[in-house]
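Note that the coordinates shown come from a computational prediction; the quantities given were computed from them, not determined experimentally. Naming convention: chains lettered A, B, ... in sequence-line order (proteins, then strands); numbering from 1 in each chain.
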Protein chains: 2
Amino acid sequence: MAHEHTGEDCLSLVTIFQSLPEKDLAIVADIVSAHHFKAGEFLYQAGDEANALMIVAHGQAKVYQIAANGKEQMLRILQTGEFDGEAALFSNSERTSFAEALMDTDVCQISRGDFQKLMKSSPELAVNMVNAFGQRITQLEQQTTEVTTASVESRLANYLLETSAGLDDARFTLPLKKKDIATYLGTTPETISRKLTKMASDNLLENKGLQVKILDSDGLAMLV
Amino acid sequence: MAHEHTGEDCLSLVTIFQSLPEKDLAIVADIVSAHHFKAGEFLYQAGDEANALMIVAHGQAKVYQIAANGKEQMLRILQTGEFDGEAALFSNSERTSFAEALMDTDVCQISRGDFQKLMKSSPELAVNMVNAFGQRITQLEQQTTEVTTASVESRLANYLLETSAGLDDARFTLPLKKKDIATYLGTTPETISRKLTKMASDNLLENKGLQVKILDSDGLAMLV
DNA sequence: CGGTGCTTTGAGCATGGTCAACTAAAGTGG
DNA sequence: CCACTTTAGTTGACCATGCTCAAAGCACCG
């Protein structure tokens, strides 16, 4: 099998397990179970029982909700080393979102029961979780604010700048399909397409397919 | 002073302190400090150092952000027994939001250092925190989804139904000024005003000032 | 090749934001 | 208790943003 080392990956990659004492790491290694998902498969779906914390050991997954009117809203992209769990931690809760692998993805799972036990026996882990959740809350608050107060153009400019900063290069391939970028930014693929065309005609960037080259990052920043 | 019992209130009211062993409660009681804020005063402001967890022992406060373009976005209303803390838990972070008392409000504070120590010595507390944050994340994800996918009319209908359900009465006084409802729903006071007028003319409700009486909750639910 | 899904482009239009003027309600101070 | 100031809410006219629907162009994959 391709990813025999998945269990170790979870321990070494994931920030919530960092700085844990040896004894705790040993316990964690014991209770994680590894799963592999092919691109397009669901890690979970709305309505599933939320009974496990899921850690992406390798790969990428999109987490999104479907609103009453059928529209998708992207909540986040789970990258290698990140985890999804908030809902998994209370008893009797159902998933309200979907998590879909964007590429072949390895996932480590810890059941709710095991994880709750683990937190009680390892204060360091619990504190790490609180910190991780705290950061997620701050980020979600910003996402909410941005999505309701800023124009699509502004949000897109911001997204491009953040993406290029993360990749450390003015020339890059968009990490998501435009369709997904659209639901992430709370808009439609058509609008994304139009705004990119406009930005290109304003000489802010070049765009061919998913290839983007930022020409004028100051100009983009002006739009934010 | 009117609220001598503030310290105890924090312990008894707040879910994160529930089901803690006696010894931990004693420690908590020791390290909380009580503050009083008059209506309109700020519990904290953007730019302040985020160095304490704040628990509302009695009263109500609104937490909101101001976007780059100057627009407000309401993030939440802190009710009696609720707390605000995510940002306070990492070192060297600044507040990114404002918290303003909506009425005379008693607040218990615990400093970051004390709280981190406390979590390490009390796994129960840390687990409670993780659960509380988890629920907050779920709620924020729903807020983000709703605000980007549903129409203002739908969001307002939903807000009214939730509010009346919480108060358990079809006839009630809006708990916020319409201005604040507007920023909470990510819209403007004008639009709130118009939509309420429309709903009234559709015989879904009666509305005079902040008094609302829901006449047709099924009809409202149809809008959601 | 012939799908299947993604993207682009166009035309039309609905939603809701802006600005401005006015009314209503809620302090404030003599 | 009444004028005065301030804040909140309402209403109208206008208009920009961005969504919808439809059609056509691409790209990747079996």
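For the pair A/Lys178 NZ and C/dT9 C1', the computed distance is 13 Å after rounding to whole Å. If you measure from atom NZ of A/Lys177 to atom C1' of C/dT8, you get 17 Å, rounded to the nearest angstrom. Regarding A/Gln211, its CD atom lies at a distance of 18 Å from the P atom of D/dC26, rounded to whole Å. Here the P atom of nucleotide D/dA8 and the CG atom of B/Leu102 are 12 Å apart, to the nearest Å.
Using a cutoff of 4.0 Å between basic side-chain nitrogens and carboxylate oxygens, B/Arg136 and A/Glu141 are scored as salt-bridged. Look at B/Glu190 and B/Lys179 and you find no salt bridge, because none of the NZ, NE, NH1 or NH2 atoms lies under 4.0 Å from a carboxylate O.
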For a quick test of your reading: what N or O donor-acceptor pairs under 3.5 Å do the side chains of residues 215-224 of chain B make, sequence neighbours left out?
from	atom 1	to	atom 2	distance (Å)
B/Asp216	OD1	B/Asp218	N	3.3
B/Asp216	OD1	B/Gly219	N	2.7

Trace of the side-chain contact (heavy atoms from CB on, under 4.5 Å) decision for A/Arg155 with A/Val147:
CA-CA 7 Å; A/Arg155 278 176 272 158; A/Val147 112; 3.7 Å; yes
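When each of D/dA8, C/dT8, D/dT20 is scored by its nearest atom to the side-chain atoms of A/Asn207, the top-ranked nucleotide is C/dT8. Between C/dT18, C/dT8, D/dG9, one nucleotide has an atom nearer to the side chain of A/Ser193 than all others, and that is C/dT8.
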Every protein N/O within reach of nucleotides 19-27 of chain C N/O, cut-off under 3.5 Å:
from	atom 1	to	atom 2	distance (Å)
C/dC19	N4	B/Glu190	OE2	3.2

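An end-to-end axis angle of 50° holds for the helix from C/dC1-D/dG30 to C/dG30-D/dC1, taken from five base pairs per end and rounded to 10°.
A close approach under 4.0 Å does occur between a side-chain nitrogen or oxygen of A/Lys195 and OP1 or OP2 of D/dG18.
Annotation: the span from A/Met74 atom CE to B/Thr145 atom OG1 amounts to 11.0 Å, rounded to 0.5 Å. Interatomic distance, OG of A/Ser93 versus CD of A/Glu49, reported as 8.0 Å (0.5 Å rounding).
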